[in-house]
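Naming: A, B, ... by sequence-line order, numbering from 1 per chain. Hydrogens, waters and symmetry mates are skipped; everything else that's a heavy atom, side chains included, is used. Computed from a predicted structure; not experimentally measured.
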Amino acid sequence: MNLYDILGPVMVGPSSSHTAGAVKIGLITRRLLGDAPAKADIALAGSFAATGKGHGTDRALAAGLLGMQPDDTRIPNSLELAREQGMEVHFQEVQLKDAHPNTALLHVTAAGGRELELQASSLGGGRIMVNKLDGIDVNFTGESHTLIVHNLDQPGHVAEVTSMLSHKSVNIATMQLYRNKRGGYAVMVLETDQPIPEDSIAWLSHLEGVIKVTYLNTMQEDEHGL
Amino acid sequence: MAFESMEEWLKCSQDKNISAAEAVILEDMSDRGVSREETWARMSAMWNAMKSSEQDYDRALRSHSGLVGGAAGQMEDYLKAGHSICGDVMGKVIMRALRLGESNACMKRIVAAPTAGACGVLPAVLVTAAEQDGLSDEQMTEALFTAAGIGQIIAARAYIAGAMGGCQAEIGSASSMAAGALVCLRDGSPEQMADAAAIAMKNLLGLVCDPVAGLVEVPCVKRNVIGAVNAMAAADMALAGIHSTIPADQVFDAMKEVGDQMSSALRETAEGGLAATATGRAVSERLKSSL
Ligand code: SF4
């Protein structure tokens, strides 16, 4: 583990997995949505459901959705802040098969109508893993720049993406491909060493057969609050 | 790659004729590809965050469950009266460990060291040492590098999460890290640093993780006190020249073995130990119906 996995994070208590990790799950959901969520339906599973209230997991998730970082001292009041800012948040409990004990399933909708469903787990020490995106299994942490492309499962899309990246001198660190069924709906997840230019993301999203492009820039500083 | 044994760490600092903290800084620079300034700034931010988290304590706050809050305030009043058994320095360490443990439970800002549950051990010991010996922020930042170096070795050989290895992995690790850091602040040798880390961990070996109702409150807040007090005793023993018969690396390996043998009921599941007492269960039931 690196030095700052041992000392740190600086965070609002009481639990790195149930509080700090939960803030990060909310935050990554907001970033992937690319906009402030107007409505969020959150289902808590396993230990998140069992001890979440006492650990402030609900407030932590809402805080992340509002754009707060795990050390934001407004986390304890996030549910009130969400109400003031017109963000609708609902919680429920859910049983998930084969999921990590600390897992949340979020369905968020932006004011403009864009939707996202994400399932993520808190692994401990404030580290998280996104397990599902819009119903498709994925695996990424959000600690690197991450490009997610939803496309129709047809030849050529991987090549389009990778040649665009090489053209922009962006090095690919990891790449994963997923699909629900042959010829159906596919997702590629790429983690890169350099940030990807905004116009390239826009170009990608206009390609034929590409359904949705989501980009997570780790350098991006979130404004605090909506 | 970070050091995986105390032996390797001490050899590196000996070969290069640098301090243990300096060896950790160099390792981190190559591990994460960062400059010296970058990692120094980040670690000194950790020190500042620790100091302010201790200052931010509010004795009026209670945790969401109502189980903890106010104890550090009681301790403060008691110390002011001047009759404490532990004396002034140890008394302050106890008070500060309570402050941090309670602040964490009350959703205040803390530094996980190595975890949120054990966040009180290092600041309790270090803030008090800085105050008592008039140490600079630079010295304290260096001490944190030493502490983190010890934690890295523990994480590589065993664990630093209660769910994995019981409370020995959280409070035990924090105590071991704090003990080694204290020795460095008193200009002890690297061998004494390793001895202090070993002794502190040995004394907490076997400690189970049994949080009532699964919350980081009971017994966690008070366990920060024992982690801090134990670190001071271990550092004093090492500085007196007392050796740990079992070397640090083997102590950490033993911690892993003990953790592996610990039933899952004693690893944060709130099914055993204090959580399973009549009172522990009653509290848990009450919270379930009220939360
Ligand atoms: S009892 Fe468990 S939760 Fe509490 S401090 Fe120890 S390891 Fe952490």
Engineer: Return the option, out of B:A148, B:G117, B:A213, with the maximum number of heavy-atom pairs under 4.5 Å with chain A.
Structural biologist: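 Of B:A148, B:G117, B:A213, B:A148 has the most heavy-atom pairs under 4.5 Å with chain A.
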
Engineer: So how far is it from B:E217 CD to B:C106 SG, rounded to the nearest 0.5 Å?
Structural biologist: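 Output value for this atom pair is 7.5 Å.
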
Engineer: Quick check against the 3.5 Å criterion: does B:R109 have a side-chain atom that pairs as donor or acceptor with the backbone of A:D71?
Structural biologist: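 Side chain of B:R109 to backbone of A:D71: a pair is present.
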
Engineer: Give the interface residues of residues 159-166 of chain B toward chain A, defined by a heavy-atom separation under 4.5 Å.
Structural biologist: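 Against chain A, the residues of residues 159-166 of chain B that fall inside the cut-off (heavy atoms, under 4.5 Å) are B:I160.
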
Engineer: With only heavy atoms counted, which part of B:S63 is less than 4.5 Å from chain A, the side chain, the backbone, both or neither?
Structural biologist: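 No part of B:S63 comes within 4.5 Å of chain A.
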
Engineer: Does A:S47 use its side chain to pair, donor to acceptor, with the backbone of A:A50 at less than 3.5 Å?
Structural biologist: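 No, A:S47 side chain to A:A50 backbone: no donor-acceptor pair under 3.5 Å.
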
Engineer: To the closest 0.5 Å, what do you measure between CD1 (B:I25) and CD (B:E22)?
Structural biologist: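 Output value for this atom pair is 5.0 Å.
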
Engineer: Taking A:H107's backbone N and O only, do any of them form a donor-acceptor pair with A:D41's side chain (distance below 3.5 Å, no angle check)?
Structural biologist: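 No, because the side chain of A:D41 does not come within donor-acceptor range (under 3.5 Å) of the backbone of A:H107.
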
Engineer: Checking the side chain of A:E191 only, and the main-chain atoms of A:M175 only, is there a donor and an acceptor separated by less than 3.5 Å?
Structural biologist: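 No; judged by distance alone, with no hydrogens or angles, the pair does not exist.
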
Engineer: Just to be sure I understand the criterion: a residue of residues 7-20 of chain A counts if one of its heavy atoms is under 4.5 Å from a heavy atom of chain B. Which ones qualify?
Structural biologist: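 So the qualifying residues are A:L7, A:G8, A:P9, A:V10, A:M11, A:V12, A:G13, A:P14, A:S15, A:S16, A:T19.
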
Engineer: Looking at residues at least two apart in the chain, or sitting in another chain, which of them share a ring-ring contact (aromatic ring centres under 6.0 Å, His included) with B:F145?
Structural biologist: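 If we apply the ring-ring contact (aromatic ring centres under 6.0 Å, His included) test to B:F145, skipping adjacent residues, the hits are B:W40.
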
Engineer: Closer than 3.5 angstrom, by distance alone: can the side chain of B:S30 be matched with the main-chain N or O of B:E27 as a donor-acceptor pair?
Structural biologist: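 Present.
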
Engineer: Based on non-hydrogen pairs under 4.5 Å, which of B:V24, B:T39, B:L67 is most in contact with chain A?
Structural biologist: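 When all of B:V24, B:T39, B:L67 are compared, B:T39 has the most.
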
Engineer: For B:A156, is it the side chain, the backbone, both or neither that has a heavy atom under 4.5 Å from a heavy atom of chain A?
Structural biologist: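 B:A156 has no heavy atom closer than 4.5 Å to chain A.
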
Engineer: Is a donor on one side and an acceptor on the other found under 3.5 Å between the side chain of B:E8 and the backbone of B:E4?
Structural biologist: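 At least one qualifying donor-acceptor pair exists.
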
Engineer: Could you tell me which portion of B:L122 (side chain, backbone, both or neither) has an atom closer than 4.5 angstrom to a non-hydrogen atom of chain A?
Structural biologist: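 Side chain only.
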
Engineer: Using atom types as modelled and distance alone, determine if a side-chain donor or acceptor of A:H55 lies under 3.5 Å from a backbone N or O of A:T57.
Structural biologist: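 No, the answer is negative, given that no donor and acceptor are paired below the 3.5 Å cut-off.
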
Engineer: When only heavy atoms count and the cut-off is under 4.5 Å, which of residues 41-62 of chain B reach chain A?
Structural biologist: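 Interface residues of residues 41-62 of chain B: B:R42, B:M43, B:M46, B:A49, B:M50.
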
Engineer: For the side chain of B:E102 and the backbone of B:A71, is there at least one donor-acceptor N/O pair under 3.5 Å apart?
Structural biologist: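 Yes, B:E102 side chain to B:A71 backbone: donor-acceptor pair under 3.5 Å.
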
Engineer: Could you grab the distance from atom OH of A:Y215 to atom CD1 of A:I196, nearest 0.5 Å is fine?
Structural biologist: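 That separation rounds to 4.5 Å.
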
Engineer: What distance separates A:L216 CG from A:E143 CD, expressed to the nearest 0.5 Å?
Structural biologist: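 With rounding to 0.5 Å, CG (A:L216) is 10.5 Å from CD (A:E143).
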
Engineer: Looking at A:L33, is its backbone amide N or carbonyl O close enough to the side chain of A:R114 to form a donor-acceptor pair, meaning the two atoms are under 3.5 Å apart?
Structural biologist: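 Yes; at least one donor-acceptor contact below 3.5 Å.
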
Engineer: Any side-chain to backbone donor/acceptor pair from A:H167 onto A:S163? Under 3.5 Å, distance only.
Structural biologist: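 No; zero donor-acceptor contacts below 3.5 Å.
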
